[in-house]
Every structure is written in structure tokens, then in C-alpha cells.
Amino acid sequence: MRLSRFFLPVLKETPSEAQIVSHRLMLRAGMIRQEAAGIYAWLPLGFRVLKKIEQIVREEMDRAGAIEMLMPTLQLADLWRESGRYDAYGPEMLRITDRHDRELLYGPTNEEMITEVFRASVRSYKDLPKNLYHIQWKFRDEQRPRFGVMRGREFLMKDAYSFDIDEAAARHSYNQMFVAYLRTFGRMGLKAIPMRAETGPIGGDLSHEFIVLAETGESGVFCDKRVLELPIPGEDVDYEADLSPIIDQWTSLYAATEDVHEQGRYESETSEGDRLQTRGIEVGQVFYFGDKYSKPMKAMIAGPDGVERPAQMGSYGVGVSRLLGAIIEASHDENGIIWPDSVAPFGVGIINLKPGDEAVDAACAKAHDALEKAGKEPLLDDTDNRAGGKFATMDLIGLPWQLVIGPKGVAEGVVELKRRATGERQTVPLEDALKVIGA
RNA sequence: CGGAGCGUAGCGCAGCCUGGUAGCGCAUCUGCUUUGGGAGCAGAGGGUCGCAGGUUCAAAUCCUGCCGCUCCGACCA
């Protein structure tokens with residue numbers, strides 16, 4: 001991609017409404033634009049990152065055996081009356097009336113709808129287990145949206161729902177999602193800690209929140225800091241096998257949000273030097289809630305004994321759009337964002353220091369084409385801005401690699417390669433630089 | 001939902017108290033110079049001052065209502 005053809009409205013100054021660093025940087029880097037309180041347009045740069053994150057989530061869900069589908073954003077109120085949540089959910093639910101005076105709502109979550117989908121076609125234990133998910137926009141009419149995409153009213157969420165014949169099987173489904181989440185967040189360069197959590201309005205009796213530690217987070221957390229060093233399960237993890245050793249490893253060390261924190265237990269289970277009390281950003285949550293929805297909504301399954309019983313369910317959410325904020329909170333410096341390679345909007349930024357100079361233009365085109373062919377998604381700054389501005393913009397948008405090509409270097413047959421995360425630079429022939437990046 | 005505050009050019013702000021031709025910086029456009037870490041000079045364009053009423057000879061400024069947005073707190077992927 002050539003910057004001259006892209007749409008990247010960067011801001012030199014920070015808009016006054018943005019308080020926390022991720023929100024400021026997303027606005028300044030031209031990733032999002034606020035259209036209303038808690039509602040954002042995703043500009044091209046932000047959208048590219050959103051898609052990268054969504055894809056990682058999708059790959060790990062698929063790996064764990066979940067099946068992707070897509071449910072609508074609008075739901076019938078009657079469906080929510082079946083579960084009793086139409087009245088219980090409160091003003092956070094956006095309610096809509098259509099031209100026939102039918103009551104609809106913009107979905108804040110999908111337990112009711114997935115239960116309806118499931119019960120329409122599944123009757124036998126032989127069809128279980130099933131885990132269905134989608135990645136869809138949700139709407140929650142927050143009293144106080146803030147922190148940019150971290151607490152928006154409209155947000156992109158991955159929500160998965162598992163159906164099992166009994167509690168033991170449901171726990172296995174829960175464990176699969178637990179492990180998938182460890183992998184998902186790990187791939188994004190995040191240290192997300194599973195913490196015992198309250199179940200909230202979704203309901204249920206077993207739940208963990210996955211929390212990225214950050215001073216600007218909304219949840220207070222208490223944990224044993226050794227949890228930060230635990231290994232993340234590899235790509236080859238066997239999801240069919242018993243996953244409880246992994247779960248036990250991650251849940252035996254103390255980690256709890258302030259809602260369920262028990263000071264006495266904390267002090268007895270952790271040594272003083274290992275205690276970490278800080279704040280965090282919730283990026284995912286897993287619930288086991290049994291028959292909370294399947295029973296009132298009559299999602300019944302016949303077991304081997306021929307007896308029908310309500311399906312045992314769990315639900316598993318990941319805040320896909322929120323993750324952008326969380327990643328930036330965890331990875332930035334005073335000059336801008338530092339994207340982990342896995343979610344960067346472009347893999348490498350090429351800076352043409354002298355557009356119009358035939359030799360420099362040729363070297364840039366060569367680098368650009370080679371990187372593009374190698375799938376490294378280069379962004380070539382071919383604008384006629386000044387060098388300083390180009391460096392500042394490139395640091396701001398945080399691409400993992402910067403390839404600086406100017407007339408002096410080209411005359412000597414070299415370019416400058418900079419790693420955004422460390423600031424390390426090396427001056428080498430173009431071919432060598434491309435090799436380092438992987439083209 | 002309680003409390004506080006803000007809406008003036010794309011962004012950041014001044015002007016309002018004490019009513020009298022709507023300003024500054026950045027950005028944008030033109031020209032010249034400059035050219036490896038957000039350049040200099042000269043010029044130019046861009047605003048129903050959130051909306052609607054009211055007071056007044058005259059309203060960005062005073063009054064009333066509405067809308068939007070932000071912050072603190074309580075609640076939540």
C-alpha cells in the first residue's frame with residue numbers, strides 16, 4: 001500500500017476528550033473517529049487491526065472445536081421474555097419498535113437466540129457436544145461510555161455457546177474455551193490472567209475473567225505475580241484430552257477481581273513478595289451456567305437412557321474491539337503505538353526520504369513489491385512530507401519494522417532498518433534488510 | 001443514575017464577566033527558500049459562534065428551554 005493512496009488522517013494534537021493513552025493514540029493515529037458517545041467509525045488503519053484480532057480469535061476458536069456462524073444484531077423481544085431477561089436486563093438494552101409495532105432489541109448478547117437455534121434442531125445426546133460462536137456487533141446502552149473503544153456502546157464481540165449432556169461434559173467444554181483464551185491472548189502479545197469472577201447478569205456458577213494488567217484498567221485485581229510466568233499452551237494442545245492439568249496450573253495461584261476478592265485467603269495463599277495488587281482490563285470471560293437458559297426455554301436433550309433433560313450450557317465472550325485498546329495500553333511509548341507483529345495493521349513501513357529522486361523511488365518500489373509479494377503488508381510513505389514528519393507518523397502508527405530509504409544510503413547501496421519496539425537500527429544493503437524482515 | 005463542566009474553522013484554544021465589524025496556533029491551498037526526527041518567509045481559503053426562543057437599536061457575549069459531548073462517582077465484553 002502506498003500512503004499517498006491510503007486514508008490515514010493522523011492528528012498532531014490530542015483531541016481533548018481522550019483521557020487514556022490508548023484512546024488518544026487511536027484518535028491520533030487515525031484509527032477511529034467518534035460519531036456519538038461510545039460509538040466509533042473504524043477508519044482504515046483501525047479496521048485492519050480489528051480484522052487481524054478477529055482472525056486470531058477465529059483461528060483459536062476453530063482450533064478448539066467451536067463452529068462459526070452469524071446471528072443477527074436485531075432480536076425479537078418475545079425471545080427474551082422466554083428467559084425472563086426482557087424485563088430484567090434494564091435500560092442498558094436498546095429497545096426498538098418496527099413499523100408493525102413489533103418489539104425488537106439490538107442484541108447485547110445472544111444466549112436466548114443461540115438456545116432457540118439449538119433447540120430447533122438438536123434433541124439427542126448423540127449430537128453433542130456442540131460449541132457455536134459468532135463474531136458480531138453488540139449494543140449496550142452504557143450509562144457512561146468512556147475510554148474510547150474500551151467501553152463503547154457498540155462493540156465487536158466474539159461470543160461462543162457450548163451445549164453438553166451433563167455437567168462433566170460441560171466442564172470439558174469450559175476448559176477448552178479456557179485454554180483457547182490463553183492461546184488467543186498470548187498470540188496477541190498480551191499477558192491475560194484468568195481470574196475468579198462474579199457471574200453478573202449472564203448468570204451461572206463458574207466463571208473466570210481474563211484480565212490484562214494495566215493501571216488504566218477498570219477492575220481492581222489481586223493476584224500472585226507468579227501467574228505472569230506460567231506457560232501458554234502450544235499450538236499442538238490436544239483439545240480432546242483432559243485439559244484439567246492446564247486449568248489447575250492456572251487456577252491454583254491466587255488471582256481474583258475485587259468483586260470476589262477474599263483478603264484472608266489472599267494472605268494465606270500467597271507469600272508477601274508474590275502479591276500483586278493492581279488494575280486490569282477485562283478482555284474475555286468464560287461462564288458455565290448449566291440449565292439457566294435451556295430449562296426455561298426448553299432446550300431438551302434425550303440421554304442414552306431416553307430421558308430428556310435440559311442442555312448444559314456455557315458462554316464465552318471476547319471483547320474484540322476492546323482488545324485494540326488493551327493491546328495499546330500494554331504496548332506503547334511516548335512516540336506512539338508499538339504493535340505486536342501478529343496484529344499490526346501493516347508489517348513494515350517504508351519511508352521514502354526523497355520522493356522524485358529516481359534511484360530512491362526505484363529502491364522503494366523494489367522493497368515495496370518484494371515485501372508485498374512475501375505477504376509482509378508494507379506501507380510505503382511516498383508522500384512529499386518532510387522527513388521528520390514521516391518518522392513521527394511512522395512511530396505513531398507503530399508498525400513493527402521501519403525501512404528508511406534515502407539518497408545517501410542508496411548511493412552507498414544501503415538502507416536503514418529500524419525495529420519499532422526496541423529502537424534498534426541497522427544500516428545494511430536492501431537485500432539484507434528484506435531478509436531480516438522475512439521477504 | 002447522582003455530581004461537575006464544556007459546545008466558537010479539521011484539531012487545540014482565546015474572546016463572554018463589562019453586548020458594538022469573530023480572533024490566535026497547528027492543519028489546508030499558492031509561491032519562494034529549505035530538505036535524515038513534526039522547517040522559514042510571504043500570501044490565500046475556510047466559521048448559520050450546538051439548536052430554538054427571549055431581552056435589546058445591536059447577542060458568540062445577557063435570560064429561558066432543548067440537544068450534544070466530557071469528567072468524577074455508582075454499575076458493566
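Chain naming here is simple, since letters A, B, ... match the order of the sequence lines and numbering starts at 1 in each.
In this structure, B/rU61 forms no base pair with any nucleotide, since neither Watson-Crick nor G-U wobble geometry is met with both distances under 3.5 Å. The pairing partner recorded for B/rC24 is B/rG12, the criterion being a Watson-Crick or G-U wobble arrangement whose two distances lie under 3.5 angstrom. In a base pair of the Watson-Crick type (N1 to N3 plus N6-O4 or O6-N4) or a G-U wobble (N1-O2 and O6-N3), with each distance short of 3.5 Å, B/rA42 is matched with B/rU30. Across all strands shown, nothing is found opposite B/rC49 as a Watson-Crick or G-U wobble partner with both distances under 3.5 Å. Partner assigned to B/rG36 is none, using Watson-Crick or G-U wobble distances below 3.5 angstrom. The nucleotide B/rG68 finds its pairing partner in B/rC6, both defining distances of the Watson-Crick or G-U wobble pair being shorter than 3.5 Å. Base pairing analysis places B/rC17 opposite nothing; no Watson-Crick or G-U wobble pair with both distances below 3.5 Å involves it. For B/rC75, there is no paired base (Watson-Crick or G-U wobble, both distances below 3.5 Å).
Among the protein residues, A/Thr393 comes within range of the nucleic acid bases, having at least one heavy atom under 4.0 Å from a base atom. Heavy atoms of A/Gly90 sit nowhere under 4.0 angstrom from any nucleic acid atom. Here A/Gly389 lies in heavy-atom contact (under 4.0 Å) with a base. The residue A/Glu416 sits close to a base: some heavy atom pair falls under 4.0 Å. Nucleic acid contact for A/Ala392: base, since at least one base atom lies under 4.0 Å from a heavy atom of the residue.
Sequence order on RNA chain B of the closest nucleotides to A/Gly317 and A/His23 puts A/His23 first from the 5' end.
Side chains of A/Glu258 and A/Ser219: a donor-acceptor N/O pair is absent below 3.5 angstrom, by distance only. The closest side-chain donor-acceptor pair between A/Thr257 and A/Glu209, if any, does not fall under 3.5 angstrom. With hydrogens and angles left out, the side-chain atoms of A/Asn175 and A/Tyr288 include no donor and acceptor closer than 3.5 Å. Judged purely by distance below 3.5 Å, without hydrogens or angles, the side chains of A/His134 and A/Tyr161 never pair a donor atom with an acceptor atom.
The aromatic ring of A/Phe155 stacks onto the base of B/rA77, its centre lying under 5.5 Å from the centre of the six-membered base ring with the two planes under 30° apart.
You'll find that the side chain of A/Met157 is closest to B/rA77, out of B/rC11, B/rA77, B/rC1. Of the candidates B/rG73, B/rC11, B/rG36, B/rG36 carries the atom nearest the A/Lys408 side chain, counting heavy atoms from C-beta on. Nearest to the side-chain atoms of A/Leu396 among the listed nucleotides B/rA77, B/rG38, B/rC71 stands B/rG38. The nucleotide whose nearest atom lies closest to any side-chain atom of A/Gln285 is, among B/rC71, B/rA77, B/rC26, B/rA77.
Ion pairing between a basic and an acidic side chain is recognised when a charged N comes within 4.0 Å of a carboxylate O; A/Glu416 and A/Arg425 show such pairing.
In terms of polar N and O atoms assigned as donor or acceptor, the side chain of A/Asp395 comes within less than 3.5 Å of the base of B/rG37 in a complementary pairing. Side chain A/Arg386 to base B/rU34: a donor-acceptor pair is found below 3.5 Å.
For A/Arg420 and B/rG37, the CZ to C1' distance is 13 Å, given to the nearest whole Å. At whole-Å resolution of the value, CD in A/Gln143 and C1' in B/rA77 are 16 Å apart. As rounded to whole Å, 17 Å separates atom P of B/rA27 from atom CG of A/Leu8. Note: CD1 (A/Ile20) to P (B/rU70) measures 13 Å, nearest angstrom.
Remark: A/Glu215 CD to A/Ile281 CD1 distance equals 10.5 Å, nearest 0.5 Å.
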